[in-house]
Amino acid sequence: MKHYKLVIFFLFIIIIFIIYKFTFHEKVNYLSIGDSISCGVSPYGDIKDSFSDYFALYLKNNHRLTKYNNKFSSPDLRITDFINQMKENKHIKDNDKLVYINQEIQKADIITLSLGFEELNYKINLEKNKSIDTLNNLYNYVDEIFSDYLKSIEMLRKITLKPIILIGYYNPLSYLNKQDYQKIEKLFRYIEINFNKLAKIKNIYYIGIYDVFKEKSYYIPSNLDYHPSLEGQNYISNELIKLIETKKILK
């Protein structure tokens with residue numbers, strides 16, 4: 001009888017452990033670093049929800065969010081600015097407390113990076129009927145973006161070993177004439193290939209959005225602006241959610 005009770009007791013413990021293992025999730029700190037897309041700038045110039053806002057809301061609704069910090073992001077943040085923030089351990093005031101970026105990186109359980117797209121579009125600086133005659137310069141500039149990203153990720157890895165997720169680019173210039181569009185498509189395909197390589201080299205996660213944004217033009221509703229619609233932002237968030245759930249990135 002004693003033996004029987006012990007077996008029942010241990011079976012009960014095992015069942016409790018299995019339930020705990022598959023239903024309990026630790027709460028996480030989420031840090032979003034990015035430019036105008038991370039900040040939720042809309043195609044019409046106002047501020048709406050961004051993919052990081054949607055992702056943070058998902059974590060909160062699933063009782064998995066401790067803290068969401070996007071306060072080191074800004075619409076005009078460049079990759080080199082982010083590197084300097086880490087070098088200087090930039091601080092901001094948050095609820096009357098000084099918050100330092102390197103400490104926030106250390107505390108973060110997951111970090112998203114969405115940088116360089118603002119810079120690239122500034123460099124392209126195309127209007128509707130303008131021809132592309134400086135494509136080689138654009139390739140050189142894209143290589144600079146990769147080099148800066150490499151430096152920033154190496155600096156991040158000196159501070160944290162937690163998951164880093166890089167958000168890719170899309171081509172917002174579908175309105176160009178056929179010849180110029182084909183040229184710029186090659187540039188963005190080059191970017192996509194090299195972002196994938198960068199992610200593998202530095203052992204970080206990558207979310208490519210190029211192909212889906214190309215297919216779903218309503219994700220970029222304005223020919224006068226390159227920022228995504230709320231549907232586009234929501235798509236990026238859903239890809240983030242899929243990534244963390246399928247790869248079991250968070251405990």
Side-chain angles (χ1 to χ4, degrees), residues 28 30-43 47-59 68-83 85 105 108-122 142 145-146 148-153 156-157 160 162-172 187-216 219-220 226-247 249-250:
V28 299
Y30 168 41
L31 177 63
S32 173
I33 301 291
D35 52 28
S36 56
I37 294 177
S38 288
C39 292
V41 175
S42 84
I47 303 294
K48 300 286 187 182
D49 289 329
S50 70
F51 72 85
S52 52
D53 295 327
Y54 288 131
F55 181 58
L57 184 62
Y58 165 80
L59 293 173
Y68 165 44
N69 188 341
N70 68 342
K71 292 183 172 62
F72 289 97
S73 295
S74 66
D76 58 352
L77 185 70
R78 299 171 302 171
I79 305 171
T80 51
D81 295 330
F82 175 50
I83 290 170
Q85 284 182 356
I105 291 168
D109 298 290
I110 187 166
I111 299 168
T112 54
L113 293 178
S114 176
L115 291 163
F117 196 57
E118 180 89 16
E119 302 174 61
L120 179 60
N121 279 280
Y122 174 78
V142 164
I145 288 176
F146 293 140
D148 290 338
Y149 247 134
L150 195 64
K151 288 175 192 170
S152 69
I153 292 164
L156 272 170
R157 279 292 176 236
T160 182
K162 293 292 179 65
I164 297 169
I165 303 173
L166 178 63
I167 309 297
Y169 296 172
Y170 53 87
N171 181 358
L187 176 71
F188 277 95
R189 181 58 68 185
Y190 175 78
I191 292 169
E192 180 73 5
I193 290 167
N194 280 280
F195 267 152
N196 269 295
K197 286 181 184 175
L198 177 65
K200 286 175 184 173
I201 290 167
K202 302 315 293 181
N203 195 27
I204 64 173
Y205 297 97
Y206 176 63
I207 292 179
I209 58 176
Y210 170 85
D211 288 318
V212 172
F213 270 68
K214 181 180 177 181
E215 178 189 336
K216 300 191 176 181
Y219 283 177
I220 320 160
Y226 57 85
H227 292 97
S229 62
L230 287 177
E231 291 89 350
Q233 292 277 15
N234 197 47
Y235 168 76
I236 300 171
S237 171
N238 286 337
E239 289 300 293
L240 265 173
I241 293 164
K242 270 197 271 183
L243 179 68
I244 67 161
E245 297 300 348
T246 56
K247 298 288 186 181
I249 291 174
L250 301 177

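Here, residue 1 is the first one in the sequence, and each next residue gets the next number.
- A side-chain donor-acceptor contact under 3.5 Å links Asn121 to the backbone of Phe117.
- Residue Asp211 holds its CG atom at 11.5 Å from CG of Asn171, rounded to the nearest 0.5 Å.
- Minimum interatomic distance between Ser73 and Ser32 (heavy atoms only, all atoms of both residues): OG-O, 2.9 Å.
- Residues Ser36 and His227 form a side-chain contact, since some pair of their non-hydrogen atoms from C-beta on lies under 4.5 Å apart.
- Between Tyr226 and Tyr170, a ring centre-to-centre spacing not shorter than 6.0 Å is recorded.
- Heavy atoms only, all atoms of each residue included: Leu77 and Leu115 are closest at CD2-CD2, 3.6 Å.
- Taking all atoms of both residues into account, the shortest heavy-atom contact from Cys39 to Ile47 is O-CG2, 3.5 Å.
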- How far apart are the C-alpha atoms of Lys151 and Asp148, what are their side-chain angles, what is the distance that settles it, and do they pass the side chain to side chain contact (heavy atoms under 4.5 Å, CB included) test? CA-CA 5 Å; Lys151 288 175 192 170; Asp148 290 338; 4.2 Å; yes
- Message: Between Lys197 and Ile193, does the side chain to side chain contact (heavy atoms under 4.5 Å, CB included) criterion hold? Intermediate values first, please.
- Response: CA-CA 6 Å; Lys197 286 181 184 175; Ile193 290 167; 4.0 Å; yes
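- Taking the side chain as every heavy atom from C-beta outward, Phe213 and Ile236 approach each other to under 4.5 Å.
- Taking the side chain as every heavy atom from C-beta outward, Tyr58 and Ile244 approach each other to under 4.5 Å.
- Proximity of the aromatic rings of Phe55 and Tyr30 is defined here by a centroid distance below 6.0 angstrom, and this criterion is met.
- Nearest heavy-atom pair across Ile220 and Pro172 is CD1-CA, 4.0 Å.
- Using a 4.5 Å heavy-atom cutoff, the side chains of Ile37 and Ile167 are not in contact.
- Side-chain N or O atoms of Ser52 include none that pairs as donor or acceptor with a backbone N or O of Thr112 at under 3.5 Å.
- One finds the CG atom of Leu198 at 11.5 Å from the CG atom of Asn203 (value rounded to the nearest 0.5 Å).
- At least one donor-acceptor pair under 3.5 Å links the side chain of Asp35 to the backbone N or O of Gly116.
- Salt bridge status for Arg189 with Glu192: absent, with no side-chain N to carboxylate O gap under 4.0 Å.
- With a 4.5 Å cut-off on side-chain heavy atoms, Phe146 and Phe195 count as touching.
- Within 6.0 Å of the OH atom in Tyr122, the count of heavy atoms belonging to other residues, nucleotides or ligands does not exceed 12.
- Rounding to the nearest 0.5 angstrom, the gap separating the CD atom in Glu239 from the CD1 atom in Ile241 is 9.5 Å.
- Phe72 and Phe82 have their aromatic ring centers separated by at least 6.0 angstrom.
- The CD1 atom of Ile164 lies 15.5 Å from the OH atom of Tyr206; values are rounded to the nearest 0.5 Å.
- Looking at Tyr68, its side chain never comes within 3.5 Å of a backbone N or O of Leu57 through a donor-acceptor pair.
- Across Tyr205 and Leu243, no two heavy atoms sit closer than the pair CB-CD2, 3.7 Å.
- No donor-acceptor distance shorter than 3.5 angstrom exists from the side chain of Asn238 to the backbone of Tyr235, with no hydrogens or angles considered.
- In terms of modelled atom types and a separation under 3.5 Å, the side chain of Gln233 and the main chain of Ser50 share no donor-acceptor contact.
- The shortest distance between side-chain heavy atoms of Tyr54 and Asp49 falls below 4.5 Å.
- When ring centroids are compared, Phe188 and Tyr169 stay outside the 6.0 Å threshold.
- Note that the CD1 atom of Ile33 and the CG atom of Asp81 stand 11.5 Å from one another [nearest 0.5 Å].
- In plain terms, the two heavy atoms of Arg157 and Lys202 that are nearest each other are NE-O, 4.4 Å.
- For the pair Glu119 (side chain) and Ile79 (backbone), a donor-acceptor distance under 3.5 Å is present.
- Side-chain contact between Ile204 and Leu113: absent, with no pair of heavy atoms (C-beta onward) separated by less than 4.5 Å.
- Side-chain contact between Ile165 and Ile207 is present, with at least one heavy-atom pair separated by less than 4.5 Å.
- Judged by distance alone, the side chain of Tyr219 and the main-chain N or O of Leu230 form no donor-acceptor pair under 3.5 Å.
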